[in-house]
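Working notes for the structure below.
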Amino acid sequence: MIILNKTKQIYLIFSISLIISACGHKKTVDVSNIKLDAKIERFDKEFDDMRTKPMAAQSAYLKKKYGIFYQDFISLILQDPGINTNDTTYFKLLRQVFANQAYNDLKHDVDSVFKDLDKEDEDLTDAFKHIKYFYPKMHLPKVYAYYSGFEAQRVIGNKYFGVGLDLFLGGNSRFYPALTNAYPHYLSQFFNRENIVPRVVEGLAREELFPESDSSKTLLSKMVYNGKILYFMDQVLPDVGDTTKIGYTTAQLKWCEDYKSKIWAYFLDENLLYETDYPKIQKYLSVAPFTPGLGERNESAPKLGIWVGWQIVREYMNRHPEVTLQQLMVNMDAQKILNDSKYRAK
């Protein structure tokens with residue numbers, strides 16, 4: 001995560017996933033009476049209008065409509081955090097961007113994949129209604145689609161959430177093989193439009209609603225924290241499957257299910273639950289092609305600590321139906337959640 005200056009409050013978050021059938025660990029709620037209509041605004045198209053419309057007039061329009069996001073976006077795309085959009089000298093740089101073949105190739109592919117965002121708007125509306133059901137006082141952000149120049153799949157700023165469409169073009173996009181240093185295939189295989197709304201929800205959960213406490217040091221505390229985030233996603237994304245929420249292939253999820261008892265035994269035998277040395281526990285929490293030291297022929301799933309934490313939280317909530325989602329999310333006692341879950345990986 002990259003945090004820029006506090007005034008702009010930009011948080012750059014990266015994560016990826018795939019879609020599969022929905023899971024059964026959710027409590028169905030009726031959100032039909034919640035009046036809300038979410039829409040992903042096509043900033044990318046209105047920004048591109050600067051090519052053909054008077055640049056000063058279009059810039060003023062974008063500033064008025066998108067507020068601080070316009071300033072933040074210009075800083076990102078021109079790679080200059082100190083740029084002043086009240087000084088029109090940056091127009092020269094924008095004209096160079098628009099004249100560049102790489103920009104036009106990117107625009108072509110984004111327009112081809114995202115002729116509209118109607119399905120995403122529908123899914124986002126449903127997700128935001130579910131969030132409002134559980135957290136009626138939450139102020140939901142505006143959501144903007146933009147070109148990131150392959151810099152940022154998502155940005156969170158002051159009252160906005162930005163979605164970089166160029167990093168949701170589909171795993172087979174012609175651009176990604178040239179970007180393997182930044183986005184290896186084990187990441188880019190999940191860069192598809194089905195992930196847009198789940199990643200918005202995850203970003204809001206991690207950065208706005210439930211940021212991880214600085215006191216979360218042990219592997220167990222990080223497992224349970226991540227498990228709660230995924231359980232929250234279970235509840236507000238009832239039609240999204242487990243692989244999409246956690247970022248697994250079908251084979252990786254099956255591997256976890258097949259070897260869940262051995263995974264848990266490994267954590268216990270290696271005394272990992274209370275380990276606080278982050279370099280030692282990082283491999284159980286980070287995105288990777290597999291988990292070193294587990295499985296044969298590099299076939300193990302990554303992020304095993306996160307997956308196990310998810311199962312612990314699910315077991316806890318299954319055993320304690322009296323506990324509300326709100327109560328779960330503010331419960332910082334990872335040890336008690338583990339104890340009360342009676343998790344045995346059976």
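Keep in mind that this is a model prediction, so the values were computed, not measured.
- Atom OG of residue Ser300 and atom OH of residue Tyr266 lie 10.0 Å apart, to the nearest 0.5 angstrom.
- Of all heavy-atom pairs spanning Gly247 and Gln252, the tightest one is O-OE1, 4.2 Å.
- The distance from atom CG of Leu237 to atom CG of Leu124, rounded to the nearest 0.5 Å, is 10.0 Å.
- Lys283 contributes no side-chain N or O that, together with a main-chain N or O of Lys280, makes up a donor-acceptor pair within less than 3.5 Å.
- The shortest heavy-atom contact between Lys132 and Lys137 is NZ-C, 4.4 Å.
- Side-chain polar atoms of Ser59 and Tyr90 form a donor-acceptor pair below 3.5 angstrom.
- A side-chain donor from one of Lys63 and Asn86 sits under 3.5 Å from a side-chain acceptor of the other.
- In this structure, His320 contributes its side chain and Asp340 its backbone to a donor-acceptor pair below 3.5 Å.
- Heavy atoms only, all atoms of each residue included: Val308 and Met223 are closest at CG1-CE, 3.5 Å.
- Gln58 places a side-chain N or O within 3.5 Å of a backbone atom of Glu46 that can act as its donor or acceptor partner.
- Ion pair Arg199/Glu202 flagged as a salt bridge, since at least one NZ, NE, NH1 or NH2 atom sits closer than 4.0 Å to an Asp/Glu carboxylate oxygen.
- Atom-to-atom distance recorded for Tyr248:OH and Thr243:OG1 is 11.0 Å, nearest 0.5 angstrom.
- No donor-acceptor contact under 3.5 angstrom links the side chains of Ser213 and Ser216, judged on distance only.
- Remark: the backbone N or O of Phe290 is not paired with any side-chain donor or acceptor of Glu299 at under 3.5 angstrom.
- Around atom CG of Asp111, more than 12 heavy atoms belonging to other residues, nucleotides or ligands sit under 6.0 Å away.
- Each of Leu285, Asp277, Val224 was evaluated against Leu219; a single residue qualifies, Leu285, per the side chain to side chain contact (heavy atoms under 4.5 Å, CB included) test.
- Between Phe267 and Tyr284, a ring centre-to-centre spacing shorter than 6.0 Å is recorded.
- Rounding to the nearest 0.5 Å places OH of Tyr135 at 12.5 Å from CG of Leu204.
- Distance OH/Tyr70 to CZ/Phe47: 7.0 Å, rounded to 0.5 Å.
- Within 6.0 Å of the NZ atom in Lys53, the count of heavy atoms belonging to other residues, nucleotides or ligands does not exceed 12.
- In terms of modelled atom types and a separation under 3.5 Å, the side chain of Asp166 and the main chain of Gly149 share a donor-acceptor contact.
- The two atoms that bring Arg193 and Leu117 nearest to each other are NH2-CD2, 4.0 Å, heavy atoms only.
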Q. Would Val323 and Met317 count as a side-chain contact (heavy atoms from CB on, under 4.5 Å) if you check the C-alpha gap in whole Å, the side-chain angles of each, and the deciding distance to 0.1 Å?
A. CA-CA 7 Å; Val323 176; Met317 293 302 283; 3.9 Å; yes
Q: Go through the steps to decide whether Arg42 and Leu165 satisfy the test side-chain contact (heavy atoms from CB on, under 4.5 Å), and finish with yes or no.
A: CA-CA 10 Å; Arg42 293 301 297 264; Leu165 294 182; 3.9 Å; yes
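- The backbone N or O of Ser148 sits nowhere less than 3.5 Å from a side-chain atom of Glu151 that would complete a donor-acceptor pair.
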Q. Going through the distances and angles, do Met50 and Leu62 end up as a side-chain contact (heavy atoms from CB on, under 4.5 Å)?
A. CA-CA 10 Å; Met50 294 181 78; Leu62 293 174; 3.8 Å; yes
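- Rounding to the nearest 0.5 Å places CH2 of Trp307 at 12.0 Å from OG1 of Thr291.
- With contacts defined as side-chain heavy-atom distances shorter than 4.5 Å, the pair Leu220/Leu338 qualifies.
- Looking at Tyr274 and Gln335, their side chains do bring a donor and an acceptor atom within 3.5 Å of each other.
- Using a 4.0 Å cut-off between charged nitrogen and carboxylate oxygen, Glu41 and Lys142 do not count as a salt-bridge pair.
- Of the possible polar contacts, one joining the Asn104 side chain to the Phe98 backbone as a donor-acceptor pair under 3.5 Å is found.
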Q.
Using side-chain contact (heavy atoms from CB on, under 4.5 Å), reason through Phe232 and Val313 one step at a time and then give a plain yes or no.
A. CA-CA 10 Å; Phe232 171 82; Val313 172; over 6 Å; no
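- Contact check on Lys245 versus Asp234 returns a salt bridge, with a Lys/Arg side-chain nitrogen under 4.0 Å from an Asp/Glu carboxylate oxygen.
- Qualifying salt bridge (charged side-chain N to carboxylate O under 4.0 Å, His left out) partners for Asp105, counting only residues two or more places apart in sequence or in other chains: none.
- Taking the six-membered ring wherever Trp is involved, the centroid distance between the rings of Tyr183 and Phe190 does not fall below 6.0 Å.
- For the ring-ring contact (aromatic ring centres under 6.0 Å, His included) with Phe43, the lone residue among Tyr147, Tyr61, Tyr146, Phe73 that qualifies is Phe73.
- Looking at Gln326, its side chain does come within 3.5 Å of a backbone N or O of Phe134 through a donor-acceptor pair.
- Among the candidates Arg206, Lys222, Lys217, the single residue satisfying the salt bridge (Lys or Arg N to Asp or Glu O under 4.0 Å) test with Glu212 is Lys222.
- A donor-acceptor distance shorter than 3.5 angstrom exists from the side chain of Asp121 to the backbone of Ile40, with no hydrogens or angles considered.
- With hydrogens and angles left out, the side-chain atoms of Asn271 and Glu275 include no donor and acceptor closer than 3.5 Å.
- Across Ala152 and Leu167, no two heavy atoms sit closer than the pair C-CD1, 3.7 Å.
- Outside the 6.0 Å centre-distance limit, the rings of Tyr66 and Tyr160 are not counted as a close aromatic pair.
- Between the Tyr343 side chain and the Gly309 main chain, no donor and acceptor come within less than 3.5 Å of each other.
- With respect to Lys45 and Asp49, no salt bridge is recorded, no charged nitrogen being found less than 4.0 Å from a carboxylate O.
- A pairwise comparison of heavy atoms in Ser286 and Pro302 identifies O-CB, 4.1 Å as the closest pair.
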